[in-house]
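Working notes, structure below.
A note on names: the letters A, B, ... follow the listed sequences, proteins ahead of strands, and every chain is numbered from 1.
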2 protein chains.
Amino acid sequence: MDIGSILETAFHPNAIAVAGASETSSSYGYHFTRYLLDHGYPGHVYPVNPNRQVVLGLKAYPDLTSIPEPVDYVICCLPASKVLDLLSECPAKGVKVVHLLTARLSETGRQEAKDLEAEILQQAKRVNVRLIGPNCMGIYYPQQGMAFNYDLPKEAGTVGAVFQSGGASGLLVRYGGLQGLRFSKVISYGNALDLDESDFLRYLAHDGETRIIAAYIEGVKDGKKFLNALSNAAHAKPVVIIKGGRDIAGIKAAASHTAAIAGSDIMWKTAFKQAGVIQARTLNELVNLLVAFSFLPPIKGKRVGIVGGGGGISVMSADACEEAGLIVPPLPPEIDEELRTRAPELHAWLGNPVDCSTIRGSSIDAREMLARMAQSPYFDFIIVNITEDAPFTKDIWSSLVREEAENTISVSGGQSKPLVAVVSGGKISSDQFQDWRWKLLAEQQARLIAAHIPTYSTVAEAVKTMRQFIDYWQAKAAT
Amino acid sequence: MDIGSILETAFHPNAIAVAGASETSSSYGYHFTRYLLDHGYPGHVYPVNPNRQVVLGLKAYPDLTSIPEPVDYVICCLPASKVLDLLSECPAKGVKVVHLLTARLSETGRQEAKDLEAEILQQAKRVNVRLIGPNCMGIYYPQQGMAFNYDLPKEAGTVGAVFQSGGASGLLVRYGGLQGLRFSKVISYGNALDLDESDFLRYLAHDGETRIIAAYIEGVKDGKKFLNALSNAAHAKPVVIIKGGRDIAGIKAAASHTAAIAGSDIMWKTAFKQAGVIQARTLNELVNLLVAFSFLPPIKGKRVGIVGGGGGISVMSADACEEAGLIVPPLPPEIDEELRTRAPELHAWLGNPVDCSTIRGSSIDAREMLARMAQSPYFDFIIVNITEDAPFTKDIWSSLVREEAENTISVSGGQSKPLVAVVSGGKISSDQFQDWRWKLLAEQQARLIAAHIPTYSTVAEAVKTMRQFIDYWQAKAAT
């Protein structure tokens with residue numbers, strides 16, 4: 001079978017066996033069984049455990065061979081010493097793919113563990129089984145009820161991800177979820193003993209459910225294969241990548257995490273650039289970029305109009321835009337002319353950024369101002385900061401913030417320029433956790449996300465993201 | 001009276017009159033009266049309003065002269081056209097300082113407004129009254145029950161701030177408050193018609209309640225006076241400054257915000273460097289730095305030990321540290337030796353950063369590991385990431401995060417190196433707002449803050465802040 005078909009099977013298995021399934025809540029065999037149940041995997045889940053009759057309400061089997069039907073996909077939560085035996089049972093059930101959650105192999109740096117890992121690969125080849133892992137979380141595919149963590153979104157989306165790290169893949173889905181990202185398929189692949197990043201990238205490049213590809217990669221064993229897969233993927237879809245292990249300590253950490261050879265930073269940077277891939281430095285940057293790609297059409301110009309925020313915030317917003325290499329043009333002549341006749345008190349005062357505290361109570365309202373800016377050919381996109389610190393009582397502040405969110409939503413779409421919102425909730429702290437202020441902001445953020453408007457927590461994050469986003473589309477247009 | 005005594009009076013007025021006090025909840029005259037009542041200003045508050053007998057339960061007076069006692073300090077919420085009259089009433093009550101919240105003066109760019117502003121200054125000089133403002137929020141001094149916004153902390157702290165922007169000063173207190181900052185005195189001074197940034201800086205430099213100074217400055221009129229005040233202040237205490245209006249659009253925005261002449265960025269940078277002042281680019285950076293200065297002793301070395309986070313997070317943490325110019329040394333020989341004998345399964349595997357997912361269940365526990373690192377002379381400080389994405393059920397995850405926070409608190413202090421915590425709560429979104437996960441993190445963050453441990457929301461923010469913090473102390477030691 002070609003790798004595309006193998007992965008198709010892994011994503012749509014007729015049934016899944018969990019080797020090492022257990023009711024001991026400190027074991028991964030417990031958690032992986034529950035993930036499947038919680039997410040509603042529609043096929044049979046077969047717990048495999050010689051010491052149990054039942055696991056989480058499901059009949060348990062002493063070994064793979066006792067399972068009454070063929071099983072495409074096995075999640076192996078067994079310790080490393082038991083993997084060879086498990087593999088030997090696979091042919092009887094026609095197993096195509098085994099996900100080895102199993103860790104403590106080559107990443108430990110110990111020779112006997114490395115030897116065992118090599119033996120596992122040999123055995124897998126002998127029994128014609130392909131491996132995901134070892135030392136990884138496997139597959140999150142919400143559409144199919146496959147998951148690798150608790151409380152992840154059950155709805156599907158269009159972001160596909162290839163993550164060498166399991167923990168980071170969980171954070172991607174969880175934190176990205178809060179900014180509105182939803183995922184097609186996320187694969188955490190760990191030590192890449194058999195199936196590797198290139199195989200997964202190639203799959204996602206052709207996957208109809210995936211519009212954008214995210215990746216976290218510590219190292220690759222076959223550079224040529226990888227560059228090829230990467231440039232294919234980047235040709236088909238936007239690809240945003242974190243290269244983990246960029247300098248000495250990071251490279252060392254990568255080696256003890258997934259036994260990856262991290263390689264030189266410059267080499268990677270060059271490769272990413274040539275392939276047309278965007279490099280993110282942190283998970284936060286990655287999420288921010290995926291939000292832009294998920295919610296915005298291509299933007300090819302750097303001229304930004306900024307609305308919202310008080311005076312100091314407007315000054316700092318302009319600084320942040322300019323330092324990110326965006327262009328902050330003056331208000332366009334048609335708006336200038338309108339102000340001259342309709343709101344002379346604002347003329348010669350109001351500029352871009354639009355300090356909303358000055359227009360409140362004037363003869364031009366905030367929605368109209370936003371609509372005119374969003375329609376002006378002088379701007380390529382608009383940033384709306386809905387979280388001015390107006391020093392008002394709860395009722396007034398709440399209605400202002402609600403109004404700003406409503407204006408943004410009502411102006412977006414149609415003939416409007418793309419809009420990006422800044423919702424600065426501050427950082428959570430327990431006293432304020434149930435505070436109406438943060439709750440209100442969270443609700444407005446949810447509304448903006450539902451209206452497909454990207455939200456960022458600071459202007460600096462928004463503009464940094466937008467600069468990279470625009471650079472991508474400009475480079476794309478130039479090729 | 002010298003300016004120090006004038007400001008002493010402004011911060012400790014015998015009584016405060018609010019000119020334009022009102023019960024109309026859309027007016028600043030209402031809000032400023034309420035701020036004083038909400039914060040429990042201990043002296044008399046005298047609402048002044050010719051059309052009202054009572055404002056917010058307080059007897060109102062038709063003008064300043066009807067007030068039955070002397071009044072040191074007046075908050076003027078009147079429109080610009082009424083300021084001259086108000087000033088003429090000041091001598092009768094011995095008013096020393098008037099805070100002109102009043103805006104729409106020179107910042108509008110209109111000649112008649114500029115002329116009126118000049119006339120206001122002349123009049124203030126004639127009646128021997130000093131002005132804060134116009135176009136600003138005035139004073140937040142929690143110790144004295146003086147405030148300029150709702151829901152600001154009532155407890156006092158040691159951060160003093162001089163902010164040209166009113167809105168940004170509110171955000172500083174509110175967002176800084178969530179990371180544990182508390183303030184001595186915050187002054188929002190707007191157009192700086194009379195008393196200016198230099199006067200306030202000089203005051204805070206000598207203020208016994210202020211240990212650290214924050215500033216947001218768009219422009220100064222007297223450069224020599226400012227540089228003098230700045231270098232005096234920076235000589236006495238750490239000073240962290242945002243220069244608002246750094247490039248063309250920012251400079252324009254500053255002019256229409258506070259009529260400030262922003263000047264060239266390079267000139268400012270040089271001045272800050274010479275004065276030994278730290279420059280922050282955003283409010284977030286400013287808050288992060290103030291948190292370090294508030295909670296940490298001087299740190300002069302760049303060697304960081306990192307504990308916590310899973311494998312991928314450890315790799316990304318090492319990358320972030322190295323890219324911020326910190327040094328990530330290997331585990332020290334004494335820990336290496338200990339691992340060799342007590343936990344051979346970890347030896348050759350575990351490194352710095354310490355991936356906590358590998359030591360869980362081993363013969364060395366996380367607290368002991370943290371304690372040994374915090375005592376090792378090989379590190380100058382330790383970053384603990386308490387928010388590993390362990391893919392466990394609520395109860396297990398909660399106890400892990402609690403344990404990590406407890407370990408951090410119990411190891412901090414005494415002979416330990418300074419500790420810095422990362423609490424990545426993700427971004428708030430309404431579905432998850434009341435989620436136990438974010439609430440638990442918020443509670444742990446509050447505990448860490450109470451134990452005087454700085455908390456940051458990402459490793460990248462923590463290391464960027466620490467690099468600037470260490471640079472400051474290294475430069476200080478070199479002079």
>> Can you tell me which portion of B:L171 sits under 4.5 Å from chain A's heavy atoms? Options are side chain, backbone, both or neither.
In response: both
> Non-hydrogen atoms of chain A under 4.5 Å away: do they reach the side chain of B:D151, the backbone, both or neither?
Replying inline: side chain
> Is there a donor-acceptor pair under 3.5 Å between the side chain of A:E322 and the backbone N or O of B:A249?
Replying inline: yes
> What part of B:I242 lies closer than 4.5 angstrom to a heavy atom of chain A: side chain, backbone, both or neither?
Replying inline: side chain
>> For B:E323, which atoms come within 4.5 Å of any heavy atom of chain A: side chain, backbone, both, or neither?
In response: side chain
> What part of B:K243 lies closer than 4.5 angstrom to a heavy atom of chain A: side chain, backbone, both or neither?
Replying inline: backbone
> Is chain A contacted by the side chain of B:Y30, its backbone, both, or neither, given a heavy-atom distance below 4.5 Å?
Replying inline: side chain
> Yes or no on side-chain contact (heavy atoms from CB on, under 4.5 Å) for A:R110 and B:E345, after CA distance, side-chain angles and deciding distance?
Replying inline: CA-CA 9 Å; A:R110 288 199 308 275; B:E345 76 278 17; 4.2 Å; yes
>> Closer than 3.5 angstrom, by distance alone: can the side chain of A:D247 be matched with the main-chain N or O of B:D319 as a donor-acceptor pair?
In response: no
> Does B:R281 use its side chain to pair, donor to acceptor, with the backbone of A:A320 at less than 3.5 Å?
Replying inline: no
>> Can you confirm whether A:H257 sits close enough to B:S314 that some side-chain heavy atom of one is under 4.5 Å from a side-chain heavy atom of the other?
In response: no
> Any side-chain heavy atom of B:T458 within less than 4.5 Å of one from A:T282?
Replying inline: no
> Looking at B:R104 and A:R360, what are the two nearest heavy atoms and their distance?
Replying inline: NH2-O, 4.4 Å
>> Under 4.5 Å from any heavy atom of chain A, what part of B:S357 do you find: side chain, backbone, both or neither?
In response: backbone
> Going by heavy atoms in the side chains, are B:P391 and A:H31 under 4.5 Å from each other?
Replying inline: no
> Do B:Y28 and A:F392 have their ring centres less than 6.0 Å from each other?
Replying inline: yes
> Side chain, backbone, both or neither: which part of B:A254 has an atom under 4.5 Å from a heavy atom of chain A?
Replying inline: both
> Quick one: what part of B:E107 sits under 4.5 Å from any heavy atom of chain A, side chain, backbone, both or neither?
Replying inline: both
> With only heavy atoms counted, which part of B:R447 is less than 4.5 Å from chain A, the side chain, the backbone, both or neither?
Replying inline: neither
